[in-house]
Amino acid sequence: MYILAPSLLGADFSRLEQQIQATAEAGARYLHLDVMDGAFVPSISFGMPVITAIRKCSGQVFDVHMMVEEPGRYVQDMKQAGADLICVHQEACTHLDRTISQIKEAGLKAGVALNPATPVSVLDCVLDQVDMILIMSVNPGFGGQKFIPYTVEKIRELRRKLDERNLKTDIQVDGGVTQDNIRLLIEAGANVFVAGSAVFKGDAAANTRAFMEIMKEYEA
Ligand code: DX5
Ligand code: ZN
């Protein structure tokens, strides 16, 4: 099953409700929420108060991408704000196994993200514990960056590893995803696609529909 996760970071923040609803009505099942702390990544974005507010106007799966040092500190807060899935960076967790357990014990779905230069093999020990793995295809911190091509091979390698173990874990890809490269990413084995600029630049509903059409070509 292929899922589009529009990244709110690319939206017009003066009309969030309208922008979110446009993507939901056009078929985007997830909403990707980029939380940045100014430490793990250079920039600061938004946190619990904004997520709590927008929870009231969306029934989408709230996919919270924590670009935060030691994100285990915020699992309960994010749950209260309305997160359904919390994705933490391997590079930001001293005790990754513990952080994954905290998320799952809170009753949420757990994801782990890898920066472009982090090899897939760092997740060998926890592959069967997570619901989703996020392969970053840009260096995290900002929207609108250029896709890094070598990350496609990481997606292929990860899908091979999951298949070998018979795991149906989602592979998400985030950064520079467009209508032009999504086919390559689907063919490499990804099934959850984050897109910020490619959804919210211009007509968010029309852009979402165009992504949905492409994904439909690959549905069995
Ligand atoms: C980058 C964020 C992304 C970002 C994607 O650090 O994790 O989710 O919003 O934006 P685009 O699709 O414009 O690269
Ligand atoms: Zn993200």
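Remember, it's 1-based here, ligands and their atoms both numbered in the order they're listed.
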In terms of side-chain geometry, is the basic nitrogen of Asp170 or Lys109 positioned less than 4.0 Å from the acidic oxygen of its partner?
no

Single-linkage hydrophobic cluster, 4.5 Å side-chain cutoff, Phe142 and Val194 together
no

For this session: Indicate yes or no for a side-chain donor-acceptor contact from Asp37 to the backbone of Glu69 under 3.5 Å, with no hydrogens or angles considered.
Result: yes

Separation between OG (Ser101) and CD (Gln129), nearest 0.5 Å, reads 6.0 Å

Exercise for the section: Without swapping roles, check the side chain of Glu91 against the backbone of Asn115 for a donor-acceptor pair under 3.5 Å. Expected result: yes

Salt bridge (charged side-chain N to carboxylate O under 4.0 Å, His left out) pairs touching residues 92-108, sequence neighbours excluded, are none

Quiz item: Can we say Glu153 and Arg160 salt-bridge, meaning some charged N sits less than 4.0 Å from an Asp/Glu carboxylate O?
Solution: yes

On a heavy-atom basis, the closest approach of Val173 and Leu185 is CG1-CD1, 3.9 Å

With sequence neighbours left out, the residues meeting side chain to side chain donor-acceptor pair (under 3.5 Å) with Gln80 are none

Under 2.8 Å from the Zn ion (ligand 2), the protein N, O or S atoms found are His32 NE2, Asp34 OD1, His65 ND1, Asp174 OD2

One pair per line, please: each N/O atom of ligand 1 matched with every protein N/O atom under 3.5 Å away, atom names first, then the distance to 0.1 Å.
unit_1   : atom_1 : unit_2 : atom_2 : d
ligand 1 : 6 (O)  : Gly141 : N      : 2.7
ligand 1 : 7 (O)  : Asp34  : OD1    : 2.9
ligand 1 : 7 (O)  : His65  : ND1    : 3.2
ligand 1 : 7 (O)  : Asp174 : OD2    : 2.9
ligand 1 : 8 (O)  : His32  : NE2    : 3.4
ligand 1 : 8 (O)  : Asp34  : OD1    : 3.1
ligand 1 : 8 (O)  : Asp34  : OD2    : 2.8
ligand 1 : 8 (O)  : Asp174 : OD1    : 2.8
ligand 1 : 8 (O)  : Asp174 : OD2    : 3.0
ligand 1 : 9 (O)  : Ser7   : OG     : 2.8
ligand 1 : 9 (O)  : Asp34  : OD2    : 3.2
ligand 1 : 12 (O) : Gly196 : N      : 2.8
ligand 1 : 13 (O) : Gly144 : N      : 2.8
ligand 1 : 13 (O) : Ser197 : N      : 3.0
ligand 1 : 13 (O) : Ser197 : OG     : 2.4
ligand 1 : 14 (O) : Gly176 : N      : 2.8

